[in-house]
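Below is one structure, written out as structure tokens; comments come after it.
Please read these numbers as outputs of a predicted model, since none were measured by experiment.
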Amino acid sequence: MSAPLTDFTEKSTPHVLSLFRVVVGLLFACHGAASLFGVLGGAMGGNGSTVPTGTWPGWYAAVIQLVGGVLVALGLGTRVAALISSGSMAYAYFSVHAGGGLWPIQNGGELSALFCWAFLLIVFTGPGPWSLDRALFGEQRRARSATAETRREPTAA
């Protein structure tokens, strides 16, 4: 019984990772949209309030959330967008939350910690099969890597 389950999960892993990337990206983008435009409850659920334009670090974090989240959700420039997003959440955790206690549950930093680690995972797993990166550049990248592999083959001596 476990062999069919293992086969199914192994075949499904790239697709589930793509779905994970889309969900994480959309959730992150929602935070940015709320802070910048006052939608979805507004900044920090403040009845449609927004972060004042240009304020450090809130407005810049919101821009990273919106742009990074959309790019990650679409799978476009995924690894770079995820790395920047992960770093912004690490900064948020250590600059805003860490002073309030050792554990994220104590200092209110659960979302920052989860987003940080989720984006770091996406940096290493990549965009997956459901991505604009794959749709736009997939064949070119595969051709380049095949050419590079051919060059690396050892020659007979």
Side-chain angles (χ1 to χ4, degrees), residues 5-142 144-145:
L5 180 61
T6 301
D7 290 344
F8 173 74
T9 57
E10 286 178 4
K11 289 177 185 173
S12 302
T13 296
H15 304 287
V16 173
L17 286 171
S18 285
L19 186 58
F20 174 78
R21 174 188 48 77
V22 169
V23 170
V24 169
L26 285 175
L27 291 172
F28 201 57
C30 286
H31 280 277
S35 296
L36 293 173
F37 307 120
V39 297
L40 306 169
M44 295 181 264
N47 295 325
S49 64
T50 60
V51 175
T53 303
T55 58
W56 178 259
W59 186 81
Y60 295 94
V63 170
I64 290 171
Q65 290 168 354
L66 180 62
V67 175
V70 168
L71 289 174
V72 168
L74 293 174
L76 186 60
T78 307
R79 291 179 195 264
V80 172
L83 183 64
I84 292 168
S85 297
S86 177
S88 76
M89 289 294 95
Y91 177 83
Y93 183 80
F94 289 110
S95 68
V96 175
H97 300 287
L102 176 63
W103 297 101
I105 193 74
Q106 293 173 309
N107 62 34
E110 300 98 331
L111 276 179
S112 296
L114 283 170
F115 274 126
C116 178
W117 286 101
F119 282 120
L120 191 61
L121 176 66
I122 292 167
V123 169
F124 285 92
T125 60
W130 305 347
S131 67
L132 286 179
D133 280 341
R134 176 74 51 97
L136 297 173
F137 309 113
E139 293 302 319
Q140 293 172 358
R141 286 185 183 153
R142 279 187 229 125
R144 272 185 269 157
S145 66

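A donor-acceptor distance shorter than 3.5 angstrom exists from the side chain of Ser18 to the backbone of Pro14, with no hydrogens or angles considered. Checking side-chain atoms of Thr78 against main-chain N and O of Pro127 turns up no donor-acceptor pair under 3.5 Å.
By the 6.0 Å contact criterion, CG on Leu102 is enclosed, its count of non-hydrogen atoms from other residues, nucleotides or ligands being greater than 12.
In terms of the side chain to side chain donor-acceptor pair (under 3.5 Å) criterion, Ser88 has no residue partners (sequence neighbours excluded). Scanning for side chain to side chain contact (heavy atoms under 4.5 Å, CB included) contacts around Ser112 gives Met89, Ala92, Tyr93, His97, with sequence neighbours left out. When the side chain to side chain contact (heavy atoms under 4.5 Å, CB included) test is applied to Leu114, no partner is found at least two apart in sequence or on another chain. Partners of Ser12 under the side chain to side chain contact (heavy atoms under 4.5 Å, CB included) rule, at least two apart in sequence or in another chain, are Phe8, Val16.
In this structure, the side chains of Phe115 and Val24 come closer than 4.5 Å at one or more pairs of heavy atoms. Annotation: side chain of Ser131 is in contact with side chain of Arg21 (closest heavy-atom distance under 4.5 Å).
Across every non-hydrogen atom of Gly100 and Asn107, the tightest pair is C-CB, 3.7 Å. Contact record, Gln106 with Gly101: OE1-C, 3.9 Å, taken as the closest heavy-atom pair.
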What side-chain donor-acceptor pairs closer than 3.5 Å can you find for residues 116-123, not counting sequence neighbours?
none

List the atom pairs, with distances to 0.1 Å, where a side-chain N or O of residues 52-76 and a protein N or O form a donor-acceptor pair under 3.5 Å, not counting sequence neighbours.
unit_1: Thr55; atom_1: OG1; unit_2: Pro52; atom_2: O; d: 2.9
unit_1: Gln65; atom_1: OE1; unit_2: Gly32; atom_2: N; d: 3.4

